[in-house]
Amino acid sequence: MREFWLARVRSFKPAFEGWYYVLRTQPNAWIHAFISIFILLLSGWLRLQNHDWVLIILTMTVVWIAEFFNTAIEALVDLKSPDIHPLAKAAKEVRAAAVLIAAIAAVLVRLLVQGATL
């Protein structure tokens, strides 16, 4: 049983390494981090209701997931196509658009929640 739990704990190592990779290599991840912290502090200061917290956390999570997929796709495209190729360019533009859409949605949700709390 002990080995089972140790294996479960060890299985988190790649996830934390991936998280570290994103923070180490992606300047936009730091922007997301600062904005996330600011929004969490602001939400706490405004004493949001539980349902508002759920919306804030879900939208922040979507932005972070988009950023992580963005980084993964960029790494794969660079691996497969180190030279500039129209399809590689399209893949990178689409993944960047996905992050932008998630970030815009997060801002809109935050504004709507803020409007509900004023």
Side-chain angles (χ1 to χ4, degrees):
M1 190 60 149
R2 183 175 185 266
E3 282 301 314
F4 171 82
W5 289 110
L6 285 174
R8 301 294 65 77
V9 170
R10 279 188 226 112
S11 71
F12 283 94
K13 186 177 184 229
F16 286 114
E17 288 174 351
W19 198 337
Y20 177 66
Y21 177 82
V22 169
L23 290 174
R24 185 171 38 91
T25 63
Q26 304 302 307
N28 287 343
W30 285 101
I31 295 169
H32 294 310
F34 287 120
I35 291 173
S36 295
I37 291 167
F38 173 75
I39 293 299
L40 291 173
L41 292 173
L42 178 64
S43 298
W45 182 71
L46 292 172
R47 298 175 193 233
L48 295 183
Q49 299 291 321
N50 284 346
H51 63 277
D52 293 330
W53 274 103
V54 168
L55 292 172
I56 296 297
I57 291 169
L58 284 175
T59 54
M60 283 176 39
T61 301
V62 168
V63 172
W64 278 103
I65 290 169
E67 184 63 43
F68 278 63
F69 276 119
N70 176 23
T71 303
I73 291 168
E74 183 172 3
L76 288 172
V77 168
D78 288 347
L79 175 67
K80 182 65 179 161
S81 181
D83 298 327
I84 296 174
H85 186 281
L87 291 175
K89 181 179 180 294
K92 288 184 173 192
E93 289 170 348
V94 169
R95 54 99 184 152
V99 177
L100 178 62
I101 290 168
I104 290 170
V107 168
L108 293 173
V109 167
R110 182 63 192 111
L111 290 173
L112 290 169
V113 166
Q114 183 177 355
T117 60
L118 293 179

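Residues: numbered from 1 along the sequence shown.
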For this session: Would you kindly confirm whether Leu48 and Leu41 end up in one hydrophobic cluster when ILVMFWY residues are joined by side chain heavy atoms under 4.5 Å apart?
Result: no

Seminar exercise, completed: Closest non-hydrogen atoms of Val63 and Ala102, given as atom of the first, atom of the second and distance, are CG2-O, 3.3 Å

Exercise. When clusters are formed from ILVMFWY side-chain contacts under 4.5 Å, directly or step by step, what else is grouped with Leu87?
Worked result: none

For this session: Would you verify whether the NZ or CZ of Arg8 falls within 45 degrees of the ring axis of Phe4 while also being under 6.0 Å from that six-membered ring's centre?
Result: yes

Exercise. Can you list every pair that meets side-chain hydrogen bond (donor to acceptor under 3.5 Å, both in side chains) and has a residue in residues 81-91, with sequence neighbours left out?
Worked result: Lys89-Glu93

Problem set entry | Partners meeting salt bridge (charged side-chain N to carboxylate O under 4.0 Å, His left out) with Lys92 (sequence neighbours left out) | Asp78

Seminar exercise, completed: The salt bridge (charged side-chain N to carboxylate O under 4.0 Å, His left out) partners of Glu74 (sequence neighbours excluded) come to Arg95

Problem set entry | Side chain proximity check, Asn28 to Val99, heavy atoms < 4.5 angstrom | no

Exercise. Is there a path from Phe34 to Phe38 through hydrophobic residues (I, L, V, M, F, W, Y) whose side chains come within less than 4.5 Å of each other?
Worked result: no

For this session: Write down the atom of Ile57, the atom of Thr61, and the distance for their closest heavy-atom approach.
Result: O-OG1, 2.7 Å

For this session: Report the residues that fulfil side-chain hydrogen bond (donor to acceptor under 3.5 Å, both in side chains) with Ser36, sequence neighbours left out, ordered by chain and then residue number.
Result: Trp64

Problem set entry | Considering all heavy atoms, the nearest Ala96-Asn70 contact | N-OD1, 4.3 Å

Problem set entry | Transitive ILVMFWY side-chain link Leu46 to Leu40, under 4.5 Å | yes

Exercise. Run the side chain to side chain contact (heavy atoms under 4.5 Å, CB included) check on Leu55 and Thr59 step by step: do they pass?
Worked result: CA-CA 6 Å; Leu55 292 172; Thr59 54; 5.6 Å; no

Exercise. Given side chains that start at C-beta, do those of Leu42 and Arg110 come closer than 4.5 Å, heavy atoms only?
Worked result: yes

Seminar exercise, completed: Separation between CZ (Arg24) and CH2 (Trp30), nearest 0.5 Å, reads 11.5 Å

Exercise. Between Ile35 and Met60, does a side chain to side chain contact (heavy atoms under 4.5 Å, CB included) hold up when you go through it step by step?
Worked result: CA-CA 9 Å; Ile35 291 173; Met60 283 176 39; over 6 Å; no

Problem set entry | Cluster check Leu111, Leu58: I/L/V/M/F/W/Y, side chain < 4.5 angstrom | no

Exercise. Does Leu100 share a hydrophobic cluster with Leu108, counting links as ILVMFWY side-chain heavy atoms below 4.5 Å and allowing steps through other members?
Worked result: yes

Exercise. For Trp53, does the CH2 atom have more than 12 heavy-atom neighbours from other residues, nucleotides or ligands under 6.0 Å away?
Worked result: yes

Problem set entry | Leu6 atom CG, over 12 foreign heavy atoms within 6.0 Å | yes

Throw together a table of side-chain donor-acceptor distances under 3.5 angstrom for residues 13-22, partners on residues two or more places apart or in other chains.
{"from": "Lys13", "atom 1": "NZ", "to": "Glu17", "atom 2": "OE2", "distance (Å)": "3.2"}

